[in-house]
Amino acid sequence: MADTCGQVLLGSGLTVLSHPLMYIKVLIQVGHEPLAPSLGRNLFGRQVYQLPGLFAYAKHIMKIDGTAGLFKGLVPRLCAGSIGTIVHSTVVQKCQEHGTPQVLGGQQKAVEGSLQHVVNETTKEMIARSCATIVTHPFHVITLRCMVQFIGRETKYSGVFDSIVTVYREEGLLGFFAGLIPRLLGDVLSLWICNLLAHLINTYAIDDSMSHTGEIKNCSQAVTGFFASMLTYPFVLVSNLMAVNNCGLAGGLPPYASVCPTWVDCWRHLSREGNMSRGNSLFFRKLPAGKIYAVDQKRFF
C-alpha cells in the first residue's frame, strides 16, 4: 500500500510538470494552429517555413489565459493517473497471487531472461495496463475535451462532476469510452514491440561478459520503448481525435474538423491527408507541403 501511495504521489507530481506539454500537444493533434508559419532554419541550416514550436505555442496560450491556462484539464488527468496507478498495482498483485496464463512453456516455471519469461511477464503487464486504461478512460475523455475548449473558447466542460453529467446526458455511457479501442490497441502493440525487441537485443546483441551489461540493457529497453511509441503514435492520435469528435465543441465539429463515424474512418481520413504523425513533434515543425494556412480558422487546408 505504501508503495502504491508513493507511486501515486510521484505520478501526480510528474503529471503536473508535464501537463502544459500534453496540453499543447493535444491542440496540435486536433489541428489548431493559432500562429502563422514563420521563416526559420532547420537542423541543417536551410531556410524553411516552420510552424510555432512548444515555447511559442505556450507563450500564445499564456497571453490569452495566463499561466493558469496551461493547466486546463489537469484535475481529471490527475484523477485518471491516481486511479490508474491503483488499478494497475492491484491487478499486478492479483496476477502474482493467482498466476497468469502461461502462454509459452505450459505449467513449467519460466527461466528469468528467457523468451517464455518475457512473454508471460508481458502478458501480465498487458492485463494490468488494459484494466487501468479502461477504468480511467472516462477521465481521459474529459481531460481532452477540457483542453480542446480553448479553440472555441467554450466552457461546456468546466469541472469533473459537471463534465460527467454532460457526457452522460448527451452521449450516454458510450460517450465515456470514445476513442478507447485505438488507445488500447496502441498500448498493447507498444508494450509487446518494446519488450520483444528489448529481449532480442539483450539476447543476441549484448554479451553478458561485457562491462556495464546492466546499464546497456536498461538503455536498450529505453531505446526500444521510444521506437515502439513512434510506431504506435497513429493509434494515440486517432484515439484523441475520436475522444473529441462530434462532442459539441468547435474543435470537434465542421468546418474545423470532419465528423468520423468510427475510428477506422478517422484513420483513413488522416492517412489520405498525410497527417498520421501530426503532433508527434513539438520542435522544428515543418510546414505541411501543399497546405494553405487559413487565418480565420487558424488551421491548414
Side-chain angles (χ1 to χ4, degrees), residues 18 21-37 40 42-43 48-54 56-57 129-130 133 137 140-141 143-145 147-148 150-151 177-194 196-197 222-247 249-294 297-301:
S18 65
L21 188 147
M22 179 188 173
Y23 182 25
I24 294 170
K25 194 179 188 72
V26 168
L27 291 179
I28 293 175
Q29 284 177 337
V30 298
H32 184 55
E33 298 292 348
L35 303 174
N42 60 14
L43 292 173
V48 293
Y49 278 98
Q50 296 178 336
L51 299 176
L54 173 66
Y57 215 122
R129 285 195 189 184
S130 298
T133 298
H137 194 73
H140 180 68
V141 170
T143 298
L144 296 176
R145 294 184 181 185
M147 293 174 171
V148 173
F150 176 81
I151 298 173
F177 299 97
L180 175 62
I181 294 177
R183 188 183 178 199
L184 276 177
L185 289 174
D187 285 347
V188 170
L189 286 174
S190 178
L191 176 64
W192 281 98
I193 292 172
C194 173
L196 291 178
L197 275 180
V223 171
T224 55
F226 176 77
F227 177 71
S229 65
M230 292 286 290
L231 285 179
T232 58
Y233 178 77
F235 289 96
V236 177
L237 176 61
V238 171
S239 174
N240 288 351
L241 292 180
M242 290 306 298
V244 301
N245 188 256
N246 198 24
C247 67
L249 299 177
L253 290 170
Y256 194 87
S258 300
V259 174
C260 300
T262 66
W263 72 270
V264 176
D265 295 313
C266 181
W267 184 292
R268 290 171 178 169
H269 177 72
L270 290 172
S271 181
R272 284 195 302 267
E273 292 191 339
N275 286 329
M276 296 302 292
S277 62
R278 187 170 65 193
N280 194 21
S281 174
L282 297 179
F283 300 97
F284 302 106
R285 301 176 56 223
K286 185 179 178 181
L287 180 69
K291 299 290 184 179
I292 301 176
Y293 181 75
Q297 294 188 29
K298 298 180 179 179
R299 65 184 302 244
F300 287 93
F301 292 91

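Listed for the N245 side chain is a donor-acceptor partner under 3.5 Å among the backbone atoms of S258. Between the N275 side chain and the L270 main chain, no donor and acceptor come within less than 3.5 Å of each other.
Atom-to-atom distance recorded for D187:CG and R129:CZ is 7.0 Å, nearest 0.5 angstrom. For the atom pair L54 CG and F283 CZ, the distance stands at 4.5 Å (nearest 0.5 Å). Here the straight-line distance linking atom NE2 of H137 with atom CD1 of I181 works out to 9.5 Å at 0.5 Å rounding. Note that CG of L241 is 4.5 Å distant from SG of C266, once rounded to the nearest 0.5 Å. Atom-to-atom distance recorded for I193:CD1 and L231:CG is 5.0 Å, nearest 0.5 angstrom. Taken to the nearest 0.5 Å, the NE2 atom of H140 stands 11.0 Å off from the CZ atom of R145.
The heavy-atom pair separating A56 from L35 by the smallest distance is O-CD1, 3.8 Å. The nearest pair of heavy atoms linking L51 to P37 is CD2-CG, 3.9 Å. Here the closest non-hydrogen pair linking S130 and V188 is OG-CG2, 4.0 Å. Y233 and M276 get closest at one heavy-atom pair: CD2-O, 3.7 Å. S239 and P182 get closest at one heavy-atom pair: CA-CG, 3.8 Å.
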* side chain to side chain contact (heavy atoms under 4.5 Å, CB included) assessment of V30 paired with N240 -> CA-CA 8 Å; V30 298; N240 288 351; over 6 Å; no

* To do: Before giving the answer on side chain to side chain contact (heavy atoms under 4.5 Å, CB included), spell out for L180 and W263 the whole-Å C-alpha distance, their side-chain angles and the decisive distance to 0.1 Å.
  => CA-CA 9 Å; L180 175 62; W263 72 270; over 6 Å; no

* Asked: Given the rule in the side chain to side chain contact (heavy atoms under 4.5 Å, CB included) test, do L253 and N246 qualify, once you have shown the distances and angles that lead to the verdict?
  -> CA-CA 5 Å; L253 290 170; N246 198 24; 3.2 Å; yes

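Ring geometry, Y256 versus H32: the interplanar angle falls from 30° to 60°, so the pair is classed tilted.
With sequence neighbours excluded, the residues satisfying ring-ring contact (aromatic ring centres under 6.0 Å, His included) with W267 are F235. With sequence neighbours excluded, the residues that form a side-chain contact (heavy atoms from CB on, under 4.5 Å) with S277 are N280. The salt bridge (Lys or Arg N to Asp or Glu O under 4.0 Å) check on R183 picks up nothing, with sequence neighbours excluded. Scored by the side chain to side chain donor-acceptor pair (under 3.5 Å) test, T232 finds no partners at all (sequence neighbours excluded). Not a single side chain to side chain donor-acceptor pair (under 3.5 Å) links R278 to another residue, sequence neighbours left out.
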Contacts under 3.5 angstrom, residues 223-230 side chains, donor-acceptor by atom type, not counting sequence neighbours:
residue, atom, partner, partner atom, Å
T224, OG1, C194, O, 3.4
T224, OG1, S220, O, 2.9
T224, OG1, Q221, O, 2.9
S229, OG, G225, O, 3.4
S229, OG, F226, O, 2.7

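For the pair R285 and E33, the salt-bridge criterion is met [side-chain N within less than 4.0 Å of a carboxylate O].
At least one side-chain heavy atom of I151 sits less than 4.5 Å from a side-chain heavy atom of L27.
The number of heavy atoms from other shown groups lying within 6.0 Å of CG (L184) is above 12.
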